[in-house]
Amino acid sequence: MNYWLMKTEPDCFGLDHLKSRPKRTEHWDGVRNYQARNFLRDSMQKGDLAFFYHSSCAEPGIVGVVKIVRAGYPDHTAWAPDNEHFDPKSSPSKPIWYMVDVKLERELKHSITLAALKNNPALKHMQLLQRGNRLSILPVTAKEWNTILKMDKSD
DNA sequence: GCCAACGTTGGC
DNA sequence: GCCAACGTTGGC
């Protein structure tokens with residue numbers, strides 16, 4: 001059982017999009033970075049939990065919790081020439097890019113903002129907060145996970 | 001294998 | 001829109 005943080009731009013695919021999908025489930029396609037790909041392909045397991053993080057927006061932060069409901073499998077959007085994430089080097093017989101399926105578990109009533117995460121000394125070493133970090137999929141330690149859950153004011 | 005140029009990410 | 005940080009590309 002592992003914990004993760006998955007970034008997404010709300011203008012592109014945000015919490016509201018996931019919420020409106022059948023079974024509140026959608027595949028997480030379009031990742032075109034090898035480090036993030038390795039997490040998707042090799043490390044993420046069915047049943048793992050992840051924070052759903054909004055980036056590149058007015059108030060970046062964690063807005064929900066998702067569960068990995070299908071482990072890594074080839075990202076077919078890489079094979080579609082008309083897809084914006086098309087990669088001619090990838091093919092069904094030799095896939096390069098992978099995705100998982102995520103299901104929305106819980107929507108936070110009050111998002112946990114990036115500013116709030118930065119203000120928590122217990123999260124000083126969190127990967128998300130390290131300078132220059134750009135990975136769209138990041139591992140979260142159990143300790144960090146619990147610390148962040150305690151910051152949730154939904155109760 | 002080196003490294004400059006370029007593109008992307010993402011907070012501000 | 002700016003800019004720092006980082007990944008990728010391609011010439012050599």
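Computed from heavy atoms alone, side chains included, the values below leave out hydrogens, waters and symmetry copies.
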**Report entry** Expected output: side-chain A:Lys23 to main-chain A:Lys103 donor-acceptor under 3.5 Å
**Finding:** no
Query raised in the report: Would you say the side-chain atoms of A:Ser90 and A:Arg32 include a donor-acceptor pair closer than 3.5 Å?
Result: no
Query raised in the report: Between atom CZ in A:Arg131 and atom C1' in B:dC12, what is the gap in whole Å?
Result: 15 Å
Query raised in the report: Between A:Trp28 and A:Lys7, what is the shortest heavy-atom contact and its length?
Result: CZ2-O, 3.4 Å
Query raised in the report: Which whole-number value in Å describes the distance from A:Leu135 CG to B:dG10 C1'?
Result: 13 Å
Query raised in the report: What's the CZ-C1' distance between A:Arg37 and C:dT8, to the nearest Å?
Result: 14 Å
Query raised in the report: A:Asn33 has a side chain; which of C:dA4, B:dG11, C:dG7 sits nearest to it?
Result: C:dG7
Query raised in the report: Considering only side-chain heavy atoms of A:Lys7, which listed nucleotide, B:dG11, C:dA5, B:dG10, is closest?
Result: B:dG10
Report task. Report the distance from atom CG of A:Asp87 to atom P of B:dG7, rounded to the nearest whole Å. Result -> 18 Å
Report summary line: Of the candidates B:dG10, C:dG7, C:dA4, the side chain of A:Gln35 sits closest to C:dG7
Report task. Send over the distance from A:Glu84 CD to B:dG7 P, rounded to a whole Å. Result -> 17 Å
Report summary line: Side-chain contact check for A:Tyr34: nearest option of C:dT8, C:dA4, B:dG10 is C:dT8
**Report entry** Spacing between A:His54 atom NE2 and B:dG10 atom P, to the nearest angstrom
**Finding:** 13 Å
Report summary line: A:Ser55 has its side chain closest, among B:dC12, C:dT9, B:dG10, to B:dG10
Query - Proximity to the side chain of A:Leu114 - top-ranked nucleotide from B:dG10, C:dA5, B:dG11 - result: B:dG11
Query - Between B:dG11 (C1') and A:Asn133 (CG): distance, integer Å - result: 12 Å
Query raised in the report: Under 4.5 Å between any side-chain heavy atoms of A:Asp101 and A:Glu26, yes or no?
Result: no
**Report entry** Criterion salt bridge (Lys or Arg N to Asp or Glu O under 4.0 Å) on A:Asp75 and A:Arg37, from CA distance to verdict
**Finding:** CA-CA 10 Å; A:Asp75 181 346; A:Arg37 186 281 310 268; over 6 Å; no
Report task. Whole angstrom is fine here: how far is it from CD1 in A:Ile96 over to P in C:dG7? Result -> 18 Å
Query raised in the report: Under 4.0 Å: is that the gap between some side-chain N or O of A:Tyr53 and OP1 or OP2 of B:dT9?
Result: no
